[in-house]
Engineer: 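This is the structure I want to talk about, given as C-alpha cells.
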Amino acid sequence: MVATSSLNIKNSACISELIQQRFQPAPVTDFDYWDYVVPEPNFNEMVFEEQKCQSLVRMLESCLSKSKQTKLRCSKVLVPEKLTRRIAQDVLRLSSTEPCGLRGCVIHVNLETGNVCKKLDKIVYDPTVVPTFELTLVFKQDCCSWPSFRDFFPRACFTSSIKRTLILSPGFRLIKKKLYSLIETVVEEC
C-alpha cells in the first residue's frame, strides 16, 4: 500500500476503518475454523493410491520370489515385516512429481551382498507408457542376524537349508534417475 497526501477525507476514513478491523479479528466458530484448516479428504483418490500401493507390493514380492529360484539360488528369502509396503509407499512418493506418475516408472531391483550388487529383475509398472524416470531399488542382505547364532550351537543343529536362506535387511536404497531432465540423480537411503 502506498500512502499519499492527496487522500480525501472519505478515503482516509475508510482506510482507518480497515486498519481498526484488522486488529479486531472477527469471531470464528469451530465450524468455520475446520472448514478453512482441514481440506475435505478425497476418498476415491485415497482408495486408488492404496490399490496402486498393493499392486506394487505384489510386484515386488513376485520379483523376489522369481529371483529366489533363478538368481539367488536359495530356498528361502526372509523379508522383514512391511518392508515391501514401505518401499511401495516411497516409490509412490517419488513418482508423484512425475508427468505420468507411477505409470512412467521402471524399477531395477538389485541385491547388495557385501561389496557386490547383483541384478535381480526389472519391474515396469505400465508397459504401455514410455518411461519418464527410473528407480533403482537396492535390497540389502542382513549379515548380522541369526546366522551368527551358529557359533553358539553345535553344527548338527543347523542343516544345509539355513545356509540357503537369504535374510533381507529392513534398510534399502532407492535411486531416482529422470530420463528426460537435466536434474541430478536423487539417492534415498532408508
Side-chain angles (χ1 to χ4, degrees), residues 34-147 165-190:
W34 289 109
D35 268 352
Y36 294 107
V37 173
V38 180
E40 221 175 284
N42 185 345
F43 292 111
N44 291 333
E45 186 177 311
M46 289 169 54
V47 168
F48 187 62
E49 286 294 314
E50 182 61 28
Q51 289 172 346
K52 287 195 293 188
C53 186
Q54 288 299 324
S55 174
L56 196 52
V57 165
R58 284 190 298 276
M59 289 176 160
L60 289 167
E61 289 172 352
S62 173
C63 171
L64 286 172
S65 179
K66 285 188 294 186
S67 297
K68 172 180 73 171
Q69 299 163 353
T70 58
K71 301 201 174 146
L72 297 175
R73 308 239 190 274
C74 60
S75 59
K76 294 180 185 175
V77 176
L78 300 179
V79 181
E81 187 178 7
K82 299 182 182 178
L83 175 65
T84 52
R85 176 139 180 99
R86 278 189 14 235
I87 293 170
Q89 289 170 338
D90 281 348
V91 168
L92 285 171
R93 181 179 49 80
L94 289 172
S95 65
S96 66
T97 58
E98 294 299 318
C100 297
L102 185 59
R103 294 176 57 226
C105 179
V106 174
I107 304 171
H108 299 279
V109 183
N110 299 317
L111 173 68
E112 185 179 286
T113 56
N115 293 332
V116 179
C117 197
K118 184 183 274 191
K119 292 183 181 185
L120 300 182
D121 205 355
K122 178 171 85 170
I123 297 173
V124 180
Y125 189 80
D126 187 351
T128 62
V129 176
V130 175
T132 58
F133 71 105
E134 292 179 340
L135 288 175
T136 303
L137 168 62
V138 182
F139 286 107
K140 297 177 182 183
Q141 183 177 4
D142 193 359
C143 300
C144 8
S145 63
W146 73 281
T165 300
L166 174 70
I167 302 172
L168 295 180
S169 168
F172 61 92
R173 186 172 42 245
L174 272 173
I175 303 164
K176 180 179 179 180
K177 179 181 177 189
K178 294 185 176 222
L179 297 177
Y180 303 104
S181 175
L182 298 175
I183 297 177
E184 291 183 23
T185 304
V186 177
V187 179
E188 288 197 12
E189 188 92 21
C190 303

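As the structure is a computational prediction, the values presented were derived from the model and not from experiment. Every heavy atom of this structure was used, including side-chain atoms; hydrogens, water molecules and symmetry mates were not.
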Engineer: Testing the basics here: between Arg103 and Asp126, what is the closest heavy-atom pair and its distance to 0.1 Å?
Structural biologist: NE-OD2, 3.0 Å
Engineer: The criterion is side chain to side chain contact (heavy atoms under 4.5 Å, CB included); which residues satisfy it with Ser65, sequence neighbours excluded?
Structural biologist: none
Engineer: Where do Cys53 and Arg85 come nearest, in terms of heavy atoms and distance?
Structural biologist: SG-NH1, 3.3 Å
Engineer: Looking at every heavy atom in both Val124 and Met59, which two are closest together, and how far apart are they?
Structural biologist: O-CE, 4.3 Å
Engineer: Go through it in stages, so that I can follow the logic: the residues are Val77 and Phe139, the test is side chain to side chain contact (heavy atoms under 4.5 Å, CB included), and I'd like the CA-CA distance, side-chain angles, deciding distance and then a yes or no.
Structural biologist: CA-CA 12 Å; Val77 176; Phe139 286 107; over 6 Å; no
Engineer: Restricting to side-chain hydrogen bond (donor to acceptor under 3.5 Å, both in side chains), what partner residues turn up for Thr70, sequence neighbours left out?
Structural biologist: none
Engineer: In plain terms, say whether Glu98 and Lys178 are close enough for a salt bridge, that is, a side-chain N and a carboxylate O under 4.0 Å apart.
Structural biologist: yes
Engineer: Using modelled atom types only, decide if a donor and an acceptor are shared between the side chain of Lys176 and the backbone of Leu94 within a distance under 3.5 Å.
Structural biologist: yes
Engineer: Mind checking side-chain hydrogen bond (donor to acceptor under 3.5 Å, both in side chains) for Arg58 and listing every partner two or more places apart, or none if nothing turns up?
Structural biologist: none
Engineer: With rounding to the nearest 0.5 Å, note down the distance linking CZ in Arg73 to CG in Leu166.
Structural biologist: 14.0 Å
Engineer: Return the minimal non-hydrogen interatomic distance between Ser169 and Leu83, and the atom names on each side.
Structural biologist: O-CD2, 3.7 Å
Engineer: Would you indicate whether the side-chain heavy atoms of Val116 and Thr113 approach each other to under 4.5 Å?
Structural biologist: yes
